[in-house]
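All values below were derived from every heavy atom in this structure, side-chain atoms included, with hydrogens, water molecules and symmetry-related copies excluded. Count residues from 1 along the sequence.
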Amino acid sequence: MHLLPTISTFFIVLSAIFMAAGIVRIKKHQDIDGHQKMMKYAAVSAIIFFIIYVSRTIFIGNTAFGGPDYLVPFYTVFLIFHIVLATSGAFLGGTQIYFGAKEKLSKHRKLAPWASVIWFGTAITGVMVYVLLYVLYPGGETTSLIRAILQN
């Protein structure tokens with residue numbers, strides 16, 4: 001079983017669930033305290049994901065796509081799309097946390113739809129990457145960053 005990828009994927013999904021709960025709390029109930037709490041949980045879940053992902057990349061490695069060769073170009077484009085979404089989502093999420101904490105609420109509200117759509121896209125594509133690497137196809141070769149550096 002692929003324990004660390006499963007755990008990290010769980011945390012990115014949990015982050016999206018908390019974010020959705022935070023959005024519902026602010027939209028329907030005007031529950032500012034509940035919104036802030038859910039968004040903090042979403043941020044912590046995303047940070048836990050990131051710590052697991054980076055640690056795994058450095059010490060264990062990333063798993064190559066193990067599916068058929070004809071799908072490799074499609075998987076690669078999809079993975080790049082996911083990485084762009086994740087990077088953008090992390091930046092926008094950090095910006096949203098800053099705007100919310102500094103009570104720059106007009107900027108926070110203006111950016112929120114973009115940040116949330118990108119983060120939901122990140123979570124969905126992240127789960128799809130997990131499914132492609134560990135569920136639908138056997139994982140390919142795994143090489144850690146440390147091993148790759150030491151071999152050169």
Side-chain angles (χ1 to χ4, degrees), residues 1-28 34-100 108-152:
M1 181 172 180
H2 306 282
L3 185 61
L4 288 178
T6 303
I7 292 169
S8 66
T9 302
F10 167 79
F11 276 105
I12 209 63
V13 169
L14 191 61
S15 174
I17 291 168
F18 282 134
M19 191 176 70
I23 291 168
V24 167
R25 289 188 189 283
I26 202 68
K27 289 245 182 213
K28 290 192 176 180
H35 170 75
Q36 290 173 337
K37 181 190 272 187
M38 291 297 111
M39 294 309 192
K40 286 176 188 173
Y41 292 159
V44 167
S45 298
I47 290 167
I48 292 170
F49 158 80
F50 186 71
I51 290 168
I52 294 169
Y53 176 79
V54 169
S55 299
R56 183 175 178 276
T57 297
I58 292 170
F59 297 109
I60 297 171
N62 285 324
T63 302
F65 180 65
D69 287 343
Y70 73 91
L71 288 180
V72 171
F74 299 103
Y75 172 78
T76 302
V77 169
F78 181 75
L79 182 62
I80 291 168
F81 176 70
H82 168 69
I83 291 167
V84 169
L85 276 179
T87 304
S88 303
F91 174 77
L92 290 172
T95 302
Q96 282 295 83
I97 291 168
Y98 173 79
F99 286 157
H108 184 78
R109 286 184 196 108
K110 192 178 217 178
L111 189 58
W114 295 97
S116 61
V117 166
I118 289 172
W119 196 251
F120 287 131
T122 298
I124 291 165
T125 58
V127 170
M128 292 170 71
V129 167
Y130 174 83
V131 168
L132 288 167
L133 285 178
Y134 303 107
V135 178
L136 289 180
Y137 302 105
E141 186 178 323
T142 300
T143 303
S144 75
L145 184 61
I146 291 174
R147 263 186 268 139
I149 291 169
L150 293 177
Q151 288 175 355
N152 292 326

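Remark: Leu71 CG to Thr76 OG1 distance equals 10.0 Å, nearest 0.5 Å. From His82, atom NE2 reaches atom CE of Met128 across 11.0 Å, with rounding to the nearest 0.5 Å. To the nearest 0.5 Å, the span separating CG on Leu4 from CD1 on Ile52 amounts to 6.5 Å. Rounding to the nearest 0.5 Å gives a distance of 9.5 Å between NE2 of His108 and CD1 of Ile97. With rounding to the nearest 0.5 angstrom, the OH atom of Tyr98 is 13.5 Å from the CG atom of Leu111. In this structure, Tyr130 OH and Thr125 OG1 are separated by 15.5 Å, a value rounded to the nearest 0.5 Å.
Evaluation of the ring pair (Phe, Tyr, Trp, His ring centres under 6.0 Å) rule for Tyr41 yields Phe18 as partners, not counting sequence neighbours.
Within the structure, side-chain hydrogen bond (donor to acceptor under 3.5 Å, both in side chains) contacts touching residues 8-17 (residues at least two apart or in different chains) are Ser15-Trp119.
The minimum heavy-atom distance linking Thr63 with Leu133 is given by the pair O-CD2, 3.7 Å. Listed here is the closest heavy atom pair of Pro113 and Ser116: O-OG, 3.1 Å. Looking at every heavy atom in both residues, Ile118 comes nearest to Leu92 through CD1-CD1, 3.5 Å. Residues Ile23 and His35 share a closest heavy-atom pair of N-ND1, 4.3 Å.
At a threshold of 4.5 Å between non-hydrogen side-chain atoms, the residues Phe99 and Lys110 do not count as touching. In this structure the side chain of Thr6 never reaches within 4.5 angstrom of the side chain of Phe10, judged on heavy atoms. Residues Gln36 and Ile26 form no side-chain contact, since every pair of their non-hydrogen atoms from C-beta on lies 4.5 Å or further apart. The shortest distance between side-chain heavy atoms of Met19 and Met38 does not fall below 4.5 Å. Residues Ile12 and Tyr53 are not in side-chain contact: their nearest non-hydrogen atoms beyond the backbone lie 4.5 Å or more apart. You'll find the side chain of Phe91 stays beyond 4.5 Å of the side chain of Thr87, heavy atoms only.
Of the candidates Phe74, Tyr70, Tyr137, Phe65 forms a ring pair (Phe, Tyr, Trp, His ring centres under 6.0 Å) with just one, namely Tyr137.
Using a 30° and 60° split on the angle between ring planes, His2 and Tyr134 fall in the tilted class, from 30° to 60°.
Atom OH of Tyr75 has more than 12 neighbouring heavy atoms from other residues, nucleotides or ligands inside a 6.0 Å radius.
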